[in-house]
Amino acid sequence: MRLVGTNDLQARSAYQPTIHHQGDRWIAYIGHHGGTDDIPDPVNPVTGKAEPNGTSIVDVTDPAHPNYLRHIPGQEGKYESGGAQMVRICDGKDLPKGDRNAVYMLRTFGSEAHEIWNVADPANPALVTRIGGLKDTHKSFWECGTGIAFLVSGAPDWRTRRMTQVYDLSDPAQPKKIRDFGLPGQEPGATGAVPTELHGPISTGPTGNRVYFGYGTNKGGFLQIVDRDKLLNGPKEPTPDNLKFPEIARMPLSAMNGAHTVFPMPGMPIAEFARDKDGKSRDIVMIVDEAIQNECGEARQMVWFADVTTEARPMLISSYTVPEASGAFCARGGRFGSHSSNESMAPVYYKKLAFIAFFNAGVRALDIRDPYHPREVGYFIPSITAATDKRCVTIDGKDRCKVAIQTNNVETDERGYIYAVDRANTGLHILELTGAARAIAGLP
């Protein structure tokens with residue numbers, strides 16, 4: 001992998017990037033965590049003002065020279081308690097009731113709200129609507145073709161920090177709530193132990209009729225497969241029976257692992273099985289855990305591949321991790337382990353290559369054409385800068401701090417560029433594949 005361009009993102013801790021082809025331009029919308037103890041509100045060089053971390057908007061039409069256009073401040077707060085971590089984009093012309101001239105950005109506002117902005121002019125965004133009154137948010141999913149949104153929320157009366165609120169956002173100016181959804185035991189009025197919280201969903205839309213939910217973060221996680229039609233049109237009162245109704249299956253992970261990203265790849269042709277009578281193609285879900293603790297203070301968080309062809313009996317078929325000894329990563333400082341994958345389903349990489357953010361081990365490119373035997377075909381570890389923040393562990397009552405890259409999220413665009421953002425304030429790195437890895441994607 002080769003570095004094409006960078007942007008410091010105003011030294012703001014970055015979470016989710018989404019890259020959108022907007023007219024004749026390519027625009028990166030990047031969510032941010034809250035500020036740090038040392039710098040709670042970084043100065044925006046464009047305005048000269050200190051602003052809570054929010055959303056960065058960057059023109060990446062020329063990936064070698066990204067142009068920072070605008071910062072939209074988020075919720076005041078530090079680390080996970082502020083900012084605007086999540087961002088999704090839909091063109092108004094794709095939404096059933098959207099303004100055809102608009103480009104809509106769905107983002108979180110810290111822990112308290114979801115917001116929709118019109119970013120048709122990305123340098124001058126305008127707030128359209130706000131869904132507030134929440135106690136937490138996280139990584140939502142928005143179907144542009146239908147407008148249905150699966151919003152990761154903290155409804156005030158639910159017993160968990162994160163569950164799902166399903167909305168019809170086909171007209172972003174007039175959000176319509178469809179239902180609340182979560183696991184039995186999380187609903188208002190339940191008693192006993194509370195099941196582990198949601199991390200994020202991905203939907204295959206009305207054609208695929210499935211929503212894949214990932215629960216847990218770094219322990220006790222599982223994949224949940226849900227019938228989308230039953231979720232949208234089934235009984236909506238949050239009783240245990242109604243919450244179970246749309247569920248097709250759950251696949252538990254180890255007690256030591258969670259499910260941050262669950263990425264569906266249905267109908268994957270498997271070359272090894274081409275001569276077999278049955279099972280020439282398989283429905284696969286890639287599951288990515290999230291490392292939480294610095295300097296390997298937990299079980300290794302990894303990438304897993306599940307065969308869900310027989311949905312009622314999903315099974316793990318393979319896994320991937322970066323070998324720790326290849327870079328002495330446990331001693332480098334910060335987190336080592338997986339966090340997330342790209343989520344674009346553009347043909348350039350879909351079902352061929354996957355890109356994994358691995359914190360201090362950078363970005364890892366995996367050949368997934370045979371998901372039973374995924375293999376690494378490229379990697380890139382960015383260099384630290386003067387802005388890279390320290391990460392600490394407590395040893396004998398004292399903090400021991402190190403400075404290390406913390407590649408947190410990764411995304412791709414239809415041109416084949418790879419976008420990695422850093423949790424420790426090191427900014428955006430735009431990459432491209434080279435050599436044999438590039439050939440897998442069929443790129444010139």
Side-chain angles (χ1 to χ4, degrees), residues 15-19 86-88 138-144 150 152 164 198-205 207-217 221-226 228 248-251 253 257-270 281-291 301-309 311 314-321 337-358 363-372 374-376 407-414 418-420 440-441:
Y15 187 74
Q16 186 186 14
T18 295
I19 320 305
M86 188 282 303
V87 61
R88 301 285 187 188
H138 208 53
K139 193 160 66 72
S140 304
F141 191 85
W142 194 11
E143 300 175 0
C144 294
F150 304 90
V152 179
T164 302
L198 174 68
H199 205 285
I202 293 181
S203 171
T204 61
T207 302
N209 192 36
R210 293 293 181 266
V211 186
Y212 298 89
F213 292 88
Y215 290 85
T217 302
F222 59 88
L223 163 70
Q224 182 189 40
I225 305 173
V226 168
R228 178 185 176 277
I248 296 170
R250 292 188 200 181
M251 188 192 72
L253 299 172
N257 297 98
H260 177 286
T261 306
V262 287
F263 187 67
M265 297 177 285
M268 284 192 71
I270 311 296
S281 69
R282 303 293 176 93
D283 296 338
I284 304 296
V285 177
M286 181 174 65
I287 303 168
V288 186
D289 308 331
E290 177 180 358
Q301 301 304 305
M302 302 169 51
V303 182
W304 310 87
F305 291 84
D307 185 329
V308 300
T309 309
E311 288 183 300
M315 60 182 287
L316 287 178
I317 56 173
S318 64
S319 65
Y320 164 81
T321 186
S338 60
H339 178 261
S340 63
S341 71
N342 65 299
E343 296 183 11
S344 170
M345 297 181 187
V348 62
Y349 292 132
Y350 190 47
K351 301 181 183 178
K352 294 182 284 187
L353 289 162
F355 300 90
I356 312 298
F358 231 86
V363 180
R364 300 286 159 155
L366 302 186
D367 179 353
I368 58 169
R369 292 173 296 176
D370 178 0
Y372 285 77
R375 63 187 185 96
E376 183 178 295
T407 300
N408 200 77
N409 281 70
V410 60
E411 189 52 282
T412 60
D413 69 19
E414 291 93 332
I418 303 113
Y419 301 79
I440 292 171

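All values reported here derive from a predicted model rather than from experimental measurement.
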T309 and D307: side chain donor to acceptor below 3.5 Å: yes
No-hydrogen, no-angle side-chain donor-acceptor test under 3.5 Å, R250 and Y215: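 There is no such pair (donor and acceptor under 3.5 Å, judged by atom type) between the side chains of R250 and Y215.
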By the definition ring pair (Phe, Tyr, Trp, His ring centres under 6.0 Å), identify the one residue from F141, Y350, F355 that meets it with F263. Y350
Output all residues satisfying side chain to side chain donor-acceptor pair (under 3.5 Å) with T321, sequence neighbours left out; order by chain, then residue number.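 Scan of T321 (side chain to side chain donor-acceptor pair (under 3.5 Å), adjacent residues dropped) gives R300.
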Ignoring hydrogens and angles, tell me if any N or O in the side chain of [X] forms a donor-acceptor pair with the backbone of [Y] under 3.5 Å.
| X | Y | answer |
| --- | --- | --- |
| R228 | G208 | no |
| E290 | T217 | no |
| S344 | D413 | no |
| S319 | W304 | no |
| T204 | R210 | yes |
| K351 | P266 | yes |

Start with the C-alpha distance between E411 and E343, add both sets of side-chain angles, then the distance that settles side-chain contact (heavy atoms from CB on, under 4.5 Å), and finish with yes or no. CA-CA 6 Å; E411 189 52 282; E343 296 183 11; 3.8 Å; yes
Run the side-chain contact (heavy atoms from CB on, under 4.5 Å) test on N342 and I418 for me, step by step, so that the C-alpha distance in whole Å, both residues' side-chain angles and the decisive distance to 0.1 Å come before the verdict. CA-CA 9 Å; N342 65 299; I418 303 113; over 6 Å; no
In the structure I gave you, are the side-chain heavy atoms of [X] and [Y] within less than 4.5 Å of one another anywhere?
| X | Y | result |
| --- | --- | --- |
| Y212 | I225 | yes |
| N257 | Q301 | yes |
| K139 | T261 | yes |
| I284 | I317 | yes |
| V308 | L223 | yes |
| I287 | M251 | yes |
| R282 | P371 | no |
| L253 | L316 | yes |

Measure across [X] and [Y] and return the closest heavy-atom pair with its distance rounded to 0.1 Å.
| X | Y | answer |
| --- | --- | --- |
| G214 | L198 | O-CD1, 3.5 Å |
| P17 | V410 | CG-C, 4.4 Å |
| V262 | I202 | O-CD1, 3.3 Å |

Side chain to side chain contact (heavy atoms under 4.5 Å, CB included) partners of P374, counting only residues at least two apart: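 In terms of side chain to side chain contact (heavy atoms under 4.5 Å, CB included), with neighbours along the sequence ignored, P374 is linked to F305, S318.
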Sequence neighbours excluded, which residues qualify as side chain to side chain contact (heavy atoms under 4.5 Å, CB included) partners of S281? none
When you look at R375 and R369, which way does the side-chain contact (heavy atoms from CB on, under 4.5 Å) test go after all the steps? CA-CA 9 Å; R375 63 187 185 96; R369 292 173 296 176; 4.1 Å; yes
Interatomic spacing from CG in N409 to OG in S341 - rounded to 0.5 Å: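 Here the interatomic distance stands at 9.0 Å.
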Hey, what's the ring geometry for H339 with H199, parallel, tilted or perpendicular (30° and 60° as the breaks)?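 H339 vs H199 ring planes: perpendicular.
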For I19 and T412: C-alpha separation, side-chain torsions, deciding distance, then whether side-chain contact (heavy atoms from CB on, under 4.5 Å) applies. CA-CA 7 Å; I19 320 305; T412 60; over 6 Å; no
